[in-house]
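The structure displayed is predicted, hence computed values, not measured ones. Note on naming: letters A, B, ... go to the chains in the order of the sequence lines (proteins, then strands), and numbering restarts at 1 for each one.
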2 protein chains.
Amino acid sequence: MLKYILLGFLNYQPMTGYDLKRLVDGSTAHFWHAYHSQIYTTLRKMEQDGLVTSIIDNSDERLERRIYDVTELGKSKFKQWLGKSLTELPPSKDSLLVRLFFSGSRDRSSVLDELRFQRQLRQQQLELYRQIKPEKSPAESDLIDFDREAKFWRMTLDLGLAYEQMYLKWLDETIAKIESF
Amino acid sequence: MLKYILLGFLNYQPMTGYDLKRLVDGSTAHFWHAYHSQIYTTLRKMEQDGLVTSIIDNSDERLERRIYDVTELGKSKFKQWLGKSLTELPPSKDSLLVRLFFSGSRDRSSVLDELRFQRQLRQQQLELYRQIKPEKSPAESDLIDFDREAKFWRMTLDLGLAYEQMYLKWLDETIAKIESF
DNA sequence: AAATTACTTGTAATTATTGACATATAATTT
DNA sequence: AAATTATATGTCAATAATTACAAGTAATTT
């Protein structure tokens with residue numbers, strides 16, 4: 001999946017692994033995160049497979065930057081992937097729920113501490129989402145139909161917002177239930 | 001993570017890989033799914049690591065069943081894992097959102113078809129959750145404090161229900177938005 | 001000026017997960 | 001009776017993801 005995210009971003013413009021890491025962190029990480037190590041190694045793999053090319057930029061003298069660009073094959077594979085609709089529910093994974101599921105033997109206070117801490121984190125995440133406003137970066141302005149793109153970005157953000165609010169509500173109810181055991 | 005799920009279930013009673021697969025499918029798969037191949041290989045790995053032991057049951061003559069049981073080391077590792085609270089948000093992954101994020105260049109109708117199909121699947125999932133009622137299986141009745149366990153199982157199910165409802169609402173709104181482009 | 005922290009770029013080893021292949025029995029349908 | 005589908009049990013190869021290690025530059029703080 002990461003492969004397609006990287007191709008998607010490289011369709012906008014050529015960039016380095018670090019640029020991609022920042023883009024991922026600021027957008028898709030909310031529904032598909034990746035460590036920088038995975039991004040760098042995936043880019044190398046993609047280059048071997050002919051999906052991207054890279055050139056070394058030495059304009060800085062000191063710092064070597066490897067700039068990746070998508071190839072025609074990469075563009076075609078990306079479109080092909082976008083064309084094949086999902087026919088299943090994406091599997092979800094939530095380790096907090098795994099832990100809660102098996103928490104029958106735990107101290108009530110320990111479970112409550114964990115849930116209250118998660119509540120804090122969820123609250124922060126919600127605040128973070130509320131501050132996000134898709135903005136036109138200069139580089140993107142002419143390369144893509146920004147208004148149309150932004151609409152789709154906004155939709156994914158809307159799910160994030162709804163998700164955090166739902167989760168917070170559930171945490172509150174769950175904490176209350178355990179307190180009343 | 002799967003390791004701990006398997007240990008958690010084996011704490012209830014010894015069982016085979018297939019038994020575990022069914023238990024996972026019927027419960028934790030909603031927040032942590034696993035293919036049978038992963039379950040069988042993880043069990044082998046756990047046996048090598050001394051977390052479980054296995055005996056071959058030939059009582060059937062024809063069919064060989066390998067029955068796994070948790071060791072003291074396994075029990076201790078499981079408790080240790082439960083004791084260390086999560087201090088971060090579990091990362092979430094949703095390939096539908098990845099696809100939507102990059103859907104700026106797609107035909108409206110193609111995106112709509114995909115979202116409408118996901119709506120169907122989510123609706124089915126919601127119905128499925130609504131039919132789940134934790135019941136006491138004979139084998140479990142004396143081994144664990146079922147009522148307490150069931151409360152925690154119920155909580156994870158509640159999140160599943162809230163999640164599907166939230167997702168359906170978002171899908172409806174998103175479909176409507178795209179229709180009105 | 002030195003120390004610390006954040007930024008930037010990667011590699012390597014390990015672990016986890018997926019997808020394909022394989023095989024045999026049991027139950028059901030045609 | 002034959003064919004098909006569901007049940008049950010696994011292995012193996014490939015891919016994906018995580019964690020740890022490494023090493024240098026840039027910016028900020030003391």
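- Distance, A:Ile67 CD1 to C:dG10 C1': 16 Å, rounded to whole Å.
- With sequence neighbours left out, B:Tyr167 forms a side-chain hydrogen bond (donor to acceptor under 3.5 Å, both in side chains) with B:Asp94.
- Enclosure of atom NZ in A:Lys177 by more than 12 non-hydrogen atoms of other residues, nucleotides or ligands within 6.0 angstrom is indicated.
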Under 3.5 Å, N/O pairs linking protein and nucleotides 5-7 of chain C:
none

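- Rounded to an integer number of Å, the gap from CD1 of A:Ile39 to P of D:dT15 is 20 Å.
- By the side-chain hydrogen bond (donor to acceptor under 3.5 Å, both in side chains) test, A:Gln165 pairs with no residue at all, sequence neighbours left out.
- Other members of a hydrophobic cluster containing A:Ile56 are absent, since no ILVMFWY side chain comes under 4.5 Å of it, directly or through relayed contacts.
- The one candidate from A:Phe9, A:Trp32, A:Trp81 that meets the ring-ring contact (aromatic ring centres under 6.0 Å, His included) condition with A:Tyr4 is A:Trp81.
- In this structure, A:Glu47 has no salt bridge (Lys or Arg N to Asp or Glu O under 4.0 Å) partners at least two apart in sequence or on a different chain.
- We find that CG of A:Asp49 is positioned 14 Å from P of D:dA14, with the value rounded to whole Å.
- Contact annotation: B:Arg65 side-chain N/O to D:dA8 OP1/OP2 distance is not under 4.0 Å.
- Scanning for ring-ring contact (aromatic ring centres under 6.0 Å, His included) contacts around B:Tyr68 gives an empty result, with sequence neighbours left out.
- For the pair B:Met15 CE and D:dA8 P, the interatomic distance rounds to 15 Å; values are reported in whole Å.
- For the pair A:Leu20 CG and C:dG10 P, the computed distance is 11 Å after rounding to whole Å.
- Rounded to whole angstrom, the span from the CG atom of A:Asp57 across to the P atom of C:dT8 amounts to 14 Å.
- Scored by the side-chain hydrogen bond (donor to acceptor under 3.5 Å, both in side chains) test, B:Asp113 finds no partners at all (sequence neighbours excluded).
- Considering only residues two or more places apart in sequence or on other chains, A:Glu88 meets the side chain to side chain contact (heavy atoms under 4.5 Å, CB included) condition with none of them.
- The nearest whole Å value for the distance from the CD atom in B:Glu88 to the C1' atom in D:dT18 is 12 Å.
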At under 4.0 Å between heavy atoms, how does the protein contact nucleotides 11-21 of chain C? Give one character per nucleotide, 5' to 3', with B, S or -. BB---SSBBB-
